[in-house]
*Asks:* 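Below are the C-alpha cells for one structure; questions will follow.
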Amino acid sequence: MYQRILVATDGSKLSKKATAHAIELAALCGAELIALHVVPRYPPSYFEGSIPLPPEDVKRIETEWAEQGRAIVESVKAAAEPRGVKVKPVTIKSDIVSDALIAAAKKHKADLIVMASHGRRGIKRLLLGSETQQVLTHSHIPVLVLR
C-alpha cells in the first residue's frame with residue numbers, strides 16, 4: 001500500500017504518539033519511514049529597542065537547535081529498529097513548517113504524511129496558526145492526522 005511514509009516530529013509527547021503510529025503503519029505495510037524534524041531559523045529582531053544577538057550567538061543557538069532536531073529523528077530510528085522498519089532521519093532548516101513538510105515529502109517521494117494535531121480551535125487557532133491545516137490544504141499526497 002504505502003512504500004515511503006513521512007512522519008513529522010518535534011519531539012513533543014503528542015508527536016511521539018504520531019511517530020509510534022507511523023512506525024506501526026510502516027511495519028504493517030513494509031514501508032520505509034522518513035522521520036522529519038523542521039529546525040527554525042533564529043528570528044531576527046523586529047522590535048524597536050530590542051537588543052539583537054551577536055551573529056556568533058545566533059549561530060550557536062541555531063547549531064543547538066539543529067543538534068536537538070537530529071537527536072529527535074535519531075530517536076525515531078532507534079524506536080523503529082525493533083520493528084524492522086528502515087528509517088531515514090532528516091532535519092530541514094525552515095521558518096515555514098508546512099512548506100518544508102510538503103517539499104520534503106515530494107523530495108523523498110513519500111506517498112503518505114503522518115503528523116499530529118493539537119486540535120486547537122477558535123482564537124488559539126487564529127493566533128497560533130495550524131501547520132496541520134496548511135499541510136492538509138496544500139499537500140498532493142494523503143495526510144494522516146492524529147490527535
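Residues take their numbers from the sequence shown, with the count starting at 1.
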*Asks:* Could you tell me whether Glu81 and Lys77 make a salt bridge, using a distance below 4.0 angstrom between a side-chain N and a carboxylate O?
*Replies:* no
*Asks:* Any heavy-atom pair between the side chains of Ile113 and Ser139 that's under 4.5 Å?
*Replies:* yes
*Asks:* Verify the cluster assignment for Met1 and Leu112: are they in a single hydrophobic cluster under the rule of side-chain heavy atoms below 4.5 Å apart?
*Replies:* yes
*Asks:* Would you mind listing every salt bridge (Lys or Arg N to Asp or Glu O under 4.0 Å) that reaches into residues 15-35, with sequence neighbours excluded?
*Replies:* Arg4-Glu32, Glu24-Arg83
*Asks:* Working to the nearest 0.5 angstrom, can you tell me the gap between Lys109 NZ and Ile141 CD1?
*Replies:* 12.5 Å
*Asks:* Which heavy atom of Val87 sits nearest a heavy atom of Ala80, and at what distance?
*Replies:* CG2-CB, 3.3 Å
*Asks:* Could you tell me the separation between the CD atom of Glu62 and the CZ atom of Arg60, rounded to the nearest 0.5 Å?
*Replies:* 11.5 Å
*Asks:* NE2 of His138 to CD of Gln133: how many Å apart, nearest 0.5 Å?
*Replies:* 8.5 Å
*Asks:* Within this structure, what is the CZ-CD1 distance for the pair Arg41 and Ile61, rounded to the nearest 0.5 Å?
*Replies:* 15.5 Å
*Asks:* Restricting to non-hydrogen atoms, name the atom on Val135 and the atom on Ile102 that form the minimum distance, rounded to 0.1 Å.
*Replies:* CA-CD1, 4.0 Å
*Asks:* Drop me the distance from Leu101's CG to Ile92's CD1, to the nearest 0.5 angstrom.
*Replies:* 7.5 Å
*Asks:* Kindly work out whether a path of hydrophobic side-chain contacts (I/L/V/M/F/W/Y, heavy atoms less than 4.5 Å apart) joins Leu146 to Val7.
*Replies:* yes
*Asks:* Side chain of Ser15, backbone of Met115: donor and acceptor closer than 3.5 Å?
*Replies:* no
*Asks:* Is the backbone N or O of Tyr2 less than 3.5 Å from a side-chain atom of Asp111, with the two atoms forming a donor-acceptor pair by type?
*Replies:* no
*Asks:* Would you give the length of the straight line joining atom NZ of Lys86 to atom CD1 of Ile34, rounded to the nearest 0.5 angstrom?
*Replies:* 9.5 Å
*Asks:* Just so I know, are the side chains of His108 and Leu36 near enough to count as touching, which here means a heavy-atom distance under 4.5 Å?
*Replies:* no
*Asks:* Consider only side-chain heavy atoms of I, L, V, M, F, W and Y, link residues closer than 4.5 Å, and tell whether Leu6 and Val39 are in one cluster.
*Replies:* no
*Asks:* State, to 0.1 Å, how close Ser117 and Val145 come at their nearest heavy-atom pair, and which atoms those are.
*Replies:* CB-CG1, 3.5 Å
*Asks:* Could you check if a side-chain atom of Asp10 sits within less than 4.5 angstrom of a side-chain atom of His37, using non-hydrogen atoms only?
*Replies:* yes
*Asks:* Are Leu136 and Val114 connected into the same hydrophobic cluster when the rule is that any two of I, L, V, M, F, W, Y join if their side-chain heavy atoms are below 4.5 Å apart?
*Replies:* no
*Asks:* Are Val90 and Val73 packed together at the side-chain level, in the sense that at least one heavy-atom pair is separated by less than 4.5 angstrom?
*Replies:* no
*Asks:* Short question: side chain of Glu131, backbone of Ser98 - any donor-acceptor pair under 3.5 Å?
*Replies:* yes
*Asks:* For Leu25, run the side-chain contact (heavy atoms from CB on, under 4.5 Å) check against Val85, Leu33, Ile5 and tell me which one passes.
*Replies:* Ile5
